[in-house]
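As the structure is a computational prediction, the values presented were derived from the model and not from experiment. When a ligand or atom number is given, it counts from 1 through the structure's own listing order. Heavy-atom basis, side chains included; hydrogens, waters and symmetry copies ignored.
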Amino acid sequence: MAWVKGHQLKLYNSLGRRLENFTPSADVVGMYSCGPTVYSFPHLGNMRPYVFADTLRRALRWKAIPVRAVVNITDVGHAVADSDTGEDKLEVAAAKERRSVEDIAAMYTQSFFEDMAALNVQPADMYPRASQYVEEMIAFAIMLEDLGYTYQLPSGLYFDTSKSPGYGDLALLDLAGQRETGRVEHVEGRKHNSDFALWRAEEPGVRRVMRWKSPWGWGAPGWHLECSVMSMALLGEHFDVHTGGVDHRELHHVNEIAQSEAFLHGDRPWVRYWLHNEFLLLNNAKIAKSAGPVPKLADLVEEGYHPLAYRLFLLGGHYRSQLDFTLAAMDAAQATLRRLISRVAPLRPLPVVETYEPARALVEDTDKAALAYVEAIDAAIANDLATPKLLATLQDALRDQDITTEGLRVVVAACDALLGLRLADLDPAEVDQRRAASDLTPEEVAAIERLIGERTQARKEKNWPRADEIRAELDVLGVQVTDTPTGPTWQLR
Ligand code: AMP
Ligand code: ZN
């Protein structure tokens with residue numbers, strides 16, 4: 001049998017903004033994903049980069065490419081303004097909550113890990129903490145200083161972006177305007193708006209909580225520095241993949257690249273593939289914490305949605321498309337997850353099929369239909385991680401009359417290795433954690449029964465539009481009505 005590699009994996013590289021064949025440069029692909037700033041609960045939008053990065057890892061595994069994944073934990077250095085001015089996010093949160101910065105970091109790091117586990121995101125190989133790498137960051141900045149890339153101001157040590165060839169290429173900044181982006185704050189003495197702090201010195205009379213001694217005085221590292229330093233420390237000077245939310249493409253990653261390529265004496269590109277997920281919107285608007293509390297995963301769970309229904313919702317959009325979060329979309333995702341799990345549960349136990357080659361080998365001589373699905377799965381994931389197509393392929397296979405049960409098992413297992421929806425083991429009863437009818441207050445029960453009464457009346461009067469309207473209303477409340485010869489009964493979905 002000829003060895004078939006399947007479809008060439010193509011990924012959209014932000015560096016150059018084009019779809020490219022993915023070719024690893026090492027036996028193990030180094031992959032660095034910008035991690036959470038642990039100063040508050042991550043919101044639903046913050047989950048998207050990690051589900052996306054997890055999908056990429058699963059795709060690489062499918063293609064039998066080993067990965068070493070690093071996700072940093074930003075527990076120091078991220079200033080309130082994303083550039084570098086203002087206070088540290090962690091210190092502001094600690095003061096507000098009257099707790100130590102260590103407590104704040106530990107609590108929100110824990111909450112991040114819990115969310116990741118609930119979303120079935122595979123753990124990274126390493127989670128370096130920024131606060132543990134400050135000595136290395138200082139050494140890195142000293143090197144940049146020796147190479148002539150920096151200048152010192154009373155507020156800290158700055159990177160001179162005019163010395164960086166190709167500064168802003170990733171963001172497609174235009175040359176004329178590249179260093180004069182209007183969205184950054186004025187910093188006294190800064191030569192160009194885009195110059196950024198490698199080291200943020202304490203202001204006279206202000207003592208930071210997290211402070212280190214450096215050649216530029218007591219202070220703390222700049223936010224961009226940590227990712228360059230920790231990624232190189234753990235993945236080597238050059239590595240293959242760097243991911244993050246699309247906002248990072250415009251500033252944070254631009255600055256990471258500038259300082260890293262300076263550090264590497266201009267050996268470009270520092271990292272070969274840059275991948276960015278688009279944003280999650282909330283009711284079609286940009287998520288803004290200033291507009292009130294932004295829902296987090298725990299809020300959805302409290303409402304009775306399964307975390308994996310949120311993962312399914314995310315995978316229903318392509319990672320490079322904006323995705324609008326609404327409760328109606330969550331309802332649909334929850335219903336789809338419920339149907340999927342009850343459909344696949346009788347097929348269990350599923351085989352373990354994580355890579356293309358064995359998946360193909362399992363079906364190629366026995367089941368033509370299953371083979372076609374394995375090829376379709378491969379084509380979808382290789383096409384820049386087309387998860388919506390993958391979900392559609394799974395649904396098609398589940399409806400197909402021509403596939404054998406054995407073949408279907410392989411196809412479902414292969415889809416799940418890429419989708420991570422726990423099709424192999426999620427308990428159908430666990431999917432629906434909506435409140436049981438017995439948890440409803442008497443007022444809620446009365447309201448539901450009043451609606452059902454109105455519906456019965458509307459039906460008697462043959463007012464079908466009104467009856468349908470009430471049914472839709474009940475649907476939103478999660479109430480499922482069944483008409484029996486003795487009258488309607490109801491239960492919570
Ligand atoms: P932070 O903890 O603020 O550093 O953000 C963690 C990750 O979430 C980063 O990769 C951001 O780019 C990403 N992110 C922030 N807001 C959104 C959003 N609304 N949709 C998708 N990703 C986001
Ligand atoms: Zn980063």
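An N or O contact shorter than 3.5 Å links Leu280 to ligand 1 by distance. Where the criterion is an N or O separation shorter than 3.5 Å, residue side chain and backbone included, Arg48 fails it with respect to ligand 1. Polar contact check, Trp223 against ligand 1: no nitrogen or oxygen pair lies under 3.5 Å apart. For Gly245, a nitrogen or oxygen atom sits less than 3.5 Å from a nitrogen or oxygen atom of ligand 1, counting backbone and side chain alike. Between Gly45 and ligand 1, at least one pair of N/O atoms sits closer than 3.5 Å.
His276 and His253 share a donor-acceptor pair across their side chains, judged by distance under 3.5 Å alone. Counting only N and O atoms by type, the side chains of Asp75 and Tyr39 include no donor and acceptor under 3.5 Å apart.
The proximity of Lys286 to ligand 1, defined as any non-hydrogen pair under 4.0 Å, does not occur for either the backbone or the side chain. Both the backbone and the side chain of Asn46 come within 4.0 Å of ligand 1, counting heavy atoms alone.
Inter-residue side-chain proximity for Pro269 and Leu15 is flagged as met; some heavy-atom pair is nearer than 4.5 Å.
Taken from CG in Leu19 to NZ in Lys10, the straight-line distance is 6.5 Å, to the nearest 0.5 Å.
Heavy-atom proximity to Asn277, at under 4.0 Å, picks out these atoms of ligand 1: 21 (C), 22 (N).
Considering every non-hydrogen atom in both Ile257 and Trp274, the closest pair reads CG1-CZ2, 3.3 Å. Listed here is the closest heavy atom pair of Ala309 and Leu337: N-CD2, 3.6 Å. For Cys227 against His252, the heavy-atom pair with the smallest separation is SG-NE2, 3.5 Å.
Within the structure, ligand 1 lacks His276 among the residues with a heavy atom less than 4.0 angstrom away.
Contacts of Glu202 classified as side chain to side chain donor-acceptor pair (under 3.5 Å), with partners at least two apart in sequence or in another chain: Arg211.
Counting backbone and side-chain atoms alike, Cys227 contributes an N/O/S atom closer than 2.8 Å to the Zn ion (ligand 2).
Angle SG (Cys34) to the Zn ion (ligand 2) to NE2 (His252): 120°, rounded to 10°.
When the heavy atoms of Asp247, Leu281, Val294 are ranked by distance to atom 11 (C) of ligand 1, first place goes to Asp247.
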